[in-house]
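Encoded as structure tokens, the structure appears first; notes follow it.
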Amino acid sequence: MLKLLSGGRLLPNCKSNYFPKPFCSIRYLRTSSYSNIPNFIQISSNESGSNDQGIDIDLLFHSSTNTHLAKRLHALLIVLGKVQSLFISTRLLNLYSNLGNICLCQQTFDHITKKDVYTWNSIISAYVRNGIPSEAVNCLYKMLKYEVKPDFYTFPPVLKACWNLNDGSRIHSLILKTGLEWDVFVAASLVHMYCRFGLFDAAYQIFTNMPYRDMGCWNAIISGFCQNGKGEKALEVLDEMKLEGIKMDSVTVSTILPVCAQMDDMVQGRLTHLYVIKHGLEHDLFVGNAFINFYAKFGEVEHAQKVFDSLVIRDLISWNSIIAAYEQNNNPDYALNFFNKMQMDGFKPDLLTIVSIASSIAQSRDSQSSRCVHGFIQRRCWFEKDVIIGNAVVDMYAKLGDADSARKLFDKILLKDVVSWNTMITGYGQNGLANEAIDVYHTMVEIEHVTPNQGTLASIIPAYAHIGALKEGTTTHGRVLKTGQLLDVFIGTCLIDLYGKCGDMEDTMKLFYEVPKSSSVPWNAVISCLGIHGHGETSLKLFRNMLDDGVQPDTITFISLLSACSHSGLVEQGEWCFNVMQNDYGIKPSLKHYGCLVDLLGRAGQLEKAYNFIKNMPLQPDASVWGALLGACRIHGNADLGKLALDRLLEVDPDNVGYYILLSNIYANAGKWDGVNRVRSLANSKGLKKTPGWSSIELNNKMEVFYTGNYSHPQCDQIYEELENLMTKMKILGYIPDYSFVLQDVEEDEKQHILTSHSERLAIAYGIINTPARTPIRIFKNLRIPSIIHTVPIFLLYELVFWEVPLLHLIKILQTSGLQVMSAFRASLLLVPFKLPSTTPTYTIAFAFASTCLRNLQLQVYKRRNKRMTTNDNAEVELRSFLSNRLDPLGQPSREIMGIMGQFMQV
DNA sequence: TTAGGGTTAG
């Protein structure tokens, strides 16, 4: 009975994993030095003349470990007249197939005149094994045409090869006709095929109806579920299998492990490891490789290493896995070290090795090796072989900051997939080239008609956020809504970041409440955005909510919190966070955390304390730490400490032009022009050039970019005319240009020119000309050197504008008051002057204000428009004390104002 | 004597 049902064969599957291809070499097959005749022939003639007695053909087949030897054997067999034998020629065909030479397979196959079912089965499996599945399916149809009846060896490889449901069903009905549907191999293949096409019910039905199931069948349904996104269902079947008393074998284990990793189920994985040890499967190659990958995904590289060490036999996948393990866990040096060891062990790297190595090289910032990798791949023509390798190298160049090389290679990739596009978009984004990223995105969607996936959105939305292209970002948001991707935590977080950075806190919070919040990622984004806009207290409140929700804060959470405290001047709270992070969550502060704390103390004016803090740091302070101190010195005009900070900075990061500019600005503000010159000539002698500042504005879905003093814009004349116009109006209002912000020692009229032709002014003028009244104008600036960016609490500016404080006073007050001028990284300013007398040229005020006080700032200037306001939690208290201290002549705030303030507080 | 299903690395 059993014999019948299983297709006549009930032999256990005895393939050995230890010696996958047990070829042994034999001495007399080595190449002879004096002949171009196959050695086999010499052997045969020397030893036994024309008689082939004494030649072990089976041994010769086993010993033909490369195509060269196989050809010699082929020649010998021709000489011996053995190729007429259908059996021998089919065996040759299989030999070439094993050696991966599909051309010779085809030739051998074509030379066989009368092909039997063995021959057809062999060529079919040759096509499947050598990656030409479509030909395998064709062969089935051809053999039917030649009236050769397929058997139970024919169907499994054909089912494996068929990649559309039509062929699948057709083959299924053929199987039914031949009555082979319950052969365990055939049935397992059917089950797997239906899973591949997502017909899980059909697959499961076949599986449950099977009169006899071997391990292969169980594994077929489990792997079918696993590989097609039905991990949970797979685990259910696994339980069912255990209930029937069937034990997992090495195939089951290696199938199930990736699912455990995917489902974040460390416990199941560990239990499986115990099972494996108990049942003596731990030295199995597949199992071992699967465990290396399993542990690597959980960041447990030591365990991965232990498994690797315990493997008796290793293959290329073992090496690739351990290399990837180190690469993915940010240990590029170990990855590269294992790469060398692997080669010493005689393994040649393949495509996937190089993918990991490219990433490791990017991590270790080794530009020189990046060229070697590029050449290595080019010489082997691997770029043509698989798109993934091209993508990896584009990514490598982008991560090394070489966007040009990345682009050159990207352009050369002929068959780009969606990952190629995503990589290029991300690559530009990572290098601050948001406009280029957006260009690539447009080409991808509009010209190449590639459908964006989650990865695309996750790379393009940050690019929009970077340049403040809120409108385009909103369009993308619409696309996300249409495809129902909103619940995706990555895209949700990108959108939170976009709205947050553009200052739209209401939409930010709305989104935040829609996105799944089980991980720290969306919390970090919202805490950081609130911090940027000076809502430090709200950031802290959300942090508490996060803890109440049982979400574990991570290192990024504390960076966001510390910088939020820093931007809101919450020194005590910031120090509290720094302690909680270490004591309650065991997170060791990184250089970034130290940088934030120095920034916090520095901005608050506690320069000495900040300096002492640096001196007592357990880590070697880096550029970000000294940079924070230098920035604080700039704010508080401490040139001596600034000089000291710069000296340290030049030791750790000598090529960053930003620091020279900072110190130069400190000297310039103090009128020490000799200091300015000294710093500038130092920078020049090192060949450093200032990054040109630009501002951008988005109009009619197009980004316009302006550079300082630029005259190339088509509307240039109108822009400068509008600027003069504004200047006149402002002067009438009492505006006196503050040249202390022109940090160059030039004549007064030249200073005025420099001040009026700043890129953000050009962009504002362009915006005013080209938009109707009551349209918000949103300007973004590229230069965002932390610590020199100032912002003012919005409520305060609103208040001052409302009271129609003369502009001169306004600017002076804002410049001299230490209380209200707060610093912010990527800050944005909202001017929302509703209820103003209709004659007040609001935008002019905003413009003057921005130009004099807020040069390095992302600026949102709203023309007169009733719109909600964002506010600082301390707004009212600060405002009251500010008004009572500084604005005596204007009296106390009226009830009306308090009412408006109340509205702000509700936001 | 040959050939077949189900497993691991991005």
Side-chain angles (χ1 to χ4, degrees), chain A residues 6-7 9 11 13 15 17 57-58 61 85-95 97-98 116-126 128-129 136 150-161 180 183-193 195 207 213-227 248-259 261 281 284-294 296-297 304 307 311 314-325 327-328 350-356 358-359 386-389 391-392 395 417 419:
Chain A
S6 59
R9 294 151 300 120
L11 286 171
N13 185 0
K15 268 191 289 181
N17 282 330
I57 290 185
D58 201 39
F61 264 103
S85 148
L86 193 57
F87 162 58
I88 290 285
S89 50
T90 306
R91 230 185 138 178
L92 259 175
L93 167 55
N94 287 314
L95 177 62
S97 167
N98 281 332
D116 67 354
V117 65
Y118 291 129
T119 326
W120 285 103
N121 289 348
S122 301
I123 191 71
I124 287 172
S125 93
V128 177
R129 279 207 233 164
D151 64 2
F152 41 68
Y153 276 104
T154 319
F155 290 114
V158 175
L159 285 168
K160 195 180 182 183
L180 293 169
D183 175 272
V184 280
F185 282 57
V186 174
S189 305
L190 272 171
V191 164
H192 210 254
M193 177 203 72
C195 285
F207 178 76
R213 292 189 280 245
D214 71 350
M215 257 335 276
C217 300
W218 284 100
N219 290 334
I221 188 107
I222 291 172
S223 84
F225 283 148
C226 286
Q227 289 167 5
M248 296 193 283
D249 70 352
S250 61
V251 179
T252 330
V253 171
S254 36
T255 311
I256 219 75
L257 280 175
V259 179
L281 296 170
D284 181 281
L285 183 62
F286 276 77
V287 169
N289 292 347
F291 269 114
I292 295 173
N293 289 298
F294 172 81
K297 286 204 179 100
V307 175
L311 282 175
R314 294 178 190 131
D315 68 354
L316 188 58
I317 297 182
S318 324
W319 286 100
N320 284 351
S321 303
I322 194 73
I323 290 171
E327 175 255 309
Q328 284 158 13
D350 73 345
L351 229 123
L352 290 176
T353 326
I354 299 301
V355 168
S356 297
S359 166
D386 194 336
V387 65
I388 184 187
I389 191 93
N391 297 347
D395 189 52
D417 64 357
V419 178

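To find a chain, count down the sequence lines: A is the first, B the second, and so on, and within it residues start at 1.
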TODO: Please state whether the phosphate of B:dT8, meaning OP1 or OP2, lies under 4.0 angstrom from any side-chain nitrogen or oxygen of A:Ser321.
DONE: no
Task: hbond_proxy A:Asp395 side chain to B:dG10 base (donor-acceptor, 3.5 Å cutoff) - done: no
Task: Residue A:Val251, side-chain heavy atoms: nucleotide from B:dG5, B:dG6, B:dA9 that is nearest - done: B:dG6
TODO: Please tell me which of the listed nucleotides, B:dT2, B:dT7, B:dT8, lies nearest to the side chain of A:Ile317?
DONE: B:dT8
TODO: Scan A:Asp58 against the nucleic acid and name what it touches under 4.0 Å (heavy atoms): base, sugar-phosphate only, or nothing.
DONE: nothing
Open item on the list: In whole Å, I'd like the distance from the CD1 atom of A:Ile222 to the P atom of B:dT7.
Closed with: 11 Å
Open item on the list: Quick check, does A:Phe286 stack with B:dT7? I mean ring centres under 5.5 Å and planes off by under 30°.
Closed with: yes
Task: Watson-Crick and G-U pairing of DNA chain B written in dot-bracket, each distance under 3.5 angstrom, with | for inter-strand partners - done: ..........
Task: Selection from B:dG10, B:dA3, B:dG5 that lies nearest to any side-chain heavy atom of A:Ile388 - done: B:dG10
Task: Minimum-distance nucleotide to A:Asn289 side chain [options: B:dA3, B:dG10, B:dT8] - done: B:dT8
Open item on the list: Give me the atom names and distance for the closest heavy-atom approach of A:Leu180 to A:Phe152.
Closed with: CD1-N, 3.6 Å
Open item on the list: The side chain of A:Asp386 is closest to which nucleotide in this list: B:dA3, B:dG5, B:dG10?
Closed with: B:dG10
Task: Side chain of A:Asn94 (C-beta onward), nearest among B:dA3, B:dG10, B:dG5 - done: B:dA3
Open item on the list: Regarding A:Asp249, tell me which of base, sugar-phosphate or nothing describes its non-hydrogen contacts under 4.0 Å with the strands shown.
Closed with: base
TODO: Please determine if a side-chain N or O atom of A:Gln227 lies less than 4.0 Å away from the OP1 or OP2 oxygen of B:dG6.
DONE: no
TODO: Between B:dG6, B:dT8, B:dT1, spot the one nearest the side chain of A:Lys160, thanks.
DONE: B:dG6
Task: From A:Thr353 atom OG1 to A:Ile323 atom CD1, the distance as rounded to the nearest 0.5 Å - done: 6.0 Å
Task: Proximity to the side chain of A:Ala290 - top-ranked nucleotide from B:dT1, B:dG6, B:dT8 - done: B:dT8
Task: Over all atoms of both residues, closest heavy-atom pair of A:Asp151 and A:Asn121 - done: OD1-ND2, 3.1 Å
Open item on the list: Regarding A:Glu327, tell me which of base, sugar-phosphate or nothing describes its non-hydrogen contacts under 4.0 Å with the strands shown.
Closed with: nothing
- [ ] Report the nucleotide, chosen from B:dT2, B:dG10, B:dA9, that has the shortest atom-to-atom distance to any side-chain atom of A:Asp350.
- [x] B:dA9
Open item on the list: Rounded at 0.5 Å granularity, tell me how far CG in A:Asp386 sits from CD1 in A:Ile354.
Closed with: 13.0 Å
Task: Residue A:Tyr118, side-chain atoms from C-beta onward, closest of B:dA3, B:dT7, B:dT8 - done: B:dA3
TODO: Would you state whether a donor and an acceptor, one from the side chain of A:Ser254 and one from the base of B:dT7, lie under 3.5 Å apart?
DONE: yes
TODO: State, yes or no, whether a side-chain contact exists between A:Ser318 and A:Leu285 at a heavy-atom distance under 4.5 Å.
DONE: yes
Open item on the list: So A:Asp116, base contact, sugar-phosphate only, or nothing? Heavy-atom distance under 4.0 Å.
Closed with: nothing
Open item on the list: Once ring-ring contact (aromatic ring centres under 6.0 Å, His included) is applied, do any residues pair with A:Phe155, and if so which ones, sequence neighbours excluded?
Closed with: none
Task: Residues in ring-ring contact (aromatic ring centres under 6.0 Å, His included) contact with A:Tyr118, at least two apart in sequence or another chain - done: none
Task: A:Asp183 (side chain) and B:dG5 (base): donor-acceptor pair under 3.5 Å - done: no
Task: Taking every non-hydrogen atom, the tightest pair across A:Asn293 and A:Asn289 - done: ND2-O, 2.9 Å
